[in-house]
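To start, the structure under review is shown below, and the notes come after it.
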Protein chains: 2
Amino acid sequence: MPAQAKPTSEVLILDAAQAVFLERGLTGARMQEIADRAGINKAMLHYYFRSKEKLFEVVVSRAIGGAMPQLFELLESEADLFAKIYQVSSFYLDFISRNTFLPLFIVDGINRNPQFFFASVVQTNQPRLQRFFQQVEEAVAAGRIRPISGLQLLINIVSLIVFPFLAKPLYQVAAGFSEEAFAAEMARRRAEVPDLVINGLQLGI
Amino acid sequence: MPAQAKPTSEVLILDAAQAVFLERGLTGARMQEIADRAGINKAMLHYYFRSKEKLFEVVVSRAIGGAMPQLFELLESEADLFAKIYQVSSFYLDFISRNTFLPLFIVDGINRNPQFFFASVVQTNQPRLQRFFQQVEEAVAAGRIRPISGLQLLINIVSLIVFPFLAKPLYQVAAGFSEEAFAAEMARRRAEVPDLVINGLQLGI
DNA sequence: AAGTTGTTTAACCATATGGTTAACTAATGG
DNA sequence: CCATTAGTTAACCATATGGTTAAACAACTT
């Protein structure tokens, strides 16, 4: 393989900024700390990204950018509902496992600046999950699953996947989980979540 | 009833601080804004609470304080496992509905300062959920529910209850929910969550 | 080699911020 | 009624912070 190209200042800054914004939040993050961690003069941050807010926006977009469209695509695919639940859970859990910082990042941002974050997450006229919701309605109407709204179902899935990552420090402090133990527990959830969701969709006992 | 006693400065400060800490986070919150919103001189904040951090600690303890012990009590009670799931879901959802700001508050705090928040949430030698975990193990062993660890089950419940409140702004911005519509949706979850969890505990299809 | 452009740096600046001080007023109680 | 304490205030302080500037440097063009 070719020698790793030295990362550009821009990338150094973005990586450092992402780490610092995660640890401290938007207001808690210090431009100086970002600069230090990137090994770069503070003025460079402004040279490349004008202001703290702009830098933050770029960091957010870069972090979220890739995965959301894929997720929406999965949800709107032609696949069977149950298969879809497995696919989405798997993909989502994988993605977050590779970016454990994202959930806090997003939840915090969403709550402090809903419209901006919404625009970042659900980029330009994303499909409206028409098909997924319709699919749920049909399954209910056909008596294949118990009555539930598509929204509730989606929220259930997302909750079960995302929340544990928000509670990660609790796993560590309260239950004494190491980094690896936590990862293993999350891996276990790759089966647990769709099992629970699908099992929970069966018609009443 | 007696005329509402004028709230003391201390309470005025705590209420204002709670609101501001919620909106801006620990670092984003400004002592001046807290003072203004409490209608009180800034020096008073330090008079009553020495420092920003101390004030924050008191706010957190006050907000979390009451409910956690009750929750633990429910989890460790003698009740049947399924009944317990209903009780916990109901109580927890009620409590959070009355304090919709708490989840973000805690999740954010937990991630930025795990040990302090853990100490606040799980006050002095709280029971270790021995009984609840054992109860789950027994139910699994007896073949009354599918195999699952007590921790996973607990996490499932908490996830389903708490996460939607973290995503509240998304309900509003993305799905156009009003404050009332959101409350109604959460009310619906009081049945949805235990139904899903319990249904999802049944032995495989 | 001299211009030209993009990149990097140290030194600054204006302002915001958490915290302190010293003086003043309202209670309390002996 | 006076003294001691609790409560409250405006003015102040040291520092941190986001952001700017002017000059130096590097790389490329001609």
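Proteins come first, then strands; the chains are lettered A, B, ... in the order of their sequence lines, and each starts at number 1. Keep in mind the model is a prediction, meaning the values are calculated, not measured.
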**Message:** Counting the benzene-type ring for Trp, do B/Phe56 and B/Phe21 have ring centres under 6.0 Å apart?
**Reply:** yes
Find every protein N or O atom lying less than 3.5 Å from an N or O atom of nucleotides 10-13 of chain C, and list the pairs.
{"from": "C/dA10", "atom 1": "OP2", "to": "A/Asn41", "atom 2": "ND2", "distance (Å)": "3.4"}
{"from": "C/dA10", "atom 1": "N7", "to": "A/Asn41", "atom 2": "ND2", "distance (Å)": "3.4"}

**Message:** With side-chain hydrogen bond (donor to acceptor under 3.5 Å, both in side chains) as the rule and sequence neighbours excluded, what pairs involving residues 42-55 of chain B come up?
**Reply:** none
**Complete:** Note: contacts of residues 17-30 of chain B with DNA chain C (heavy atom, under 4.0 Å) are B/Ala29, B/Arg30
Hey, could you give me each pair passing salt bridge (Lys or Arg N to Asp or Glu O under 4.0 Å) that has a residue in [range]? Not counting sequence neighbours.
| range | value |
| --- | --- |
| residues 105-115 of chain B | A/Asp108-B/Arg112, A/Arg112-B/Asp108, B/Asp108-B/Arg112 |
| residues 132-141 of chain B | none |
| residues 97-107 of chain B | none |

Under 3.5 Å, sequence neighbours excluded: what are the donor-acceptor pairs made by side chains of residues 147-169 of chain A?
{"from": "A/Ser149", "atom 1": "OG", "to": "A/Gln152", "atom 2": "N", "distance (Å)": "3.0"}
{"from": "A/Gln152", "atom 1": "OE1", "to": "B/Arg189", "atom 2": "NH1", "distance (Å)": "2.7"}
{"from": "A/Gln152", "atom 1": "NE2", "to": "B/Glu185", "atom 2": "OE2", "distance (Å)": "3.4"}
{"from": "A/Asn156", "atom 1": "OD1", "to": "B/Arg189", "atom 2": "NH1", "distance (Å)": "3.0"}
{"from": "A/Asn156", "atom 1": "OD1", "to": "B/Arg189", "atom 2": "NH2", "distance (Å)": "2.7"}
{"from": "A/Asn156", "atom 1": "ND2", "to": "A/Gln152", "atom 2": "O", "distance (Å)": "3.3"}
{"from": "A/Asn156", "atom 1": "ND2", "to": "B/Glu192", "atom 2": "OE2", "distance (Å)": "2.9"}
{"from": "A/Ser159", "atom 1": "OG", "to": "A/Ile155", "atom 2": "O", "distance (Å)": "2.7"}
{"from": "A/Lys168", "atom 1": "NZ", "to": "A/Glu179", "atom 2": "OE2", "distance (Å)": "2.5"}

For [X] and [N], give me the distance from atom [atom1] to atom [atom2], rounded to whole Å.
| X | N | atom1 | atom2 | answer |
| --- | --- | --- | --- | --- |
| A/Met31 | C/dA16 | CE | P | 17 Å |
| A/Met44 | D/dA23 | CE | P | 19 Å |
| A/Glu10 | C/dG6 | CD | C1' | 13 Å |
| B/Gln32 | C/dT15 | CD | C1' | 14 Å |

**Request:** Tell me whether the OP1 or OP2 atom of C/dT7 has a side-chain N or O from A/Ser9 closer than 4.0 Å.
**Result:** no
**Prompt:** So which of residues 45-54 of chain A are in contact with DNA chain D, with a heavy-atom cut-off of under 4.0 Å?
**Reply:** A/His46, A/Ser51, A/Lys52
Quick one: list whatever passes salt bridge (charged side-chain N to carboxylate O under 4.0 Å, His left out) with [X], sequence neighbours left out.
| X | result |
| --- | --- |
| A/Asp15 | A/Arg62 |
| A/Asp36 | none |
| B/Glu23 | B/Arg37 |
| B/Arg131 | B/Glu78 |

**Item:** Heavy-atom closest pair, residues B/Gln87 and B/Leu74
**Value:** OE1-CD2, 3.7 Å
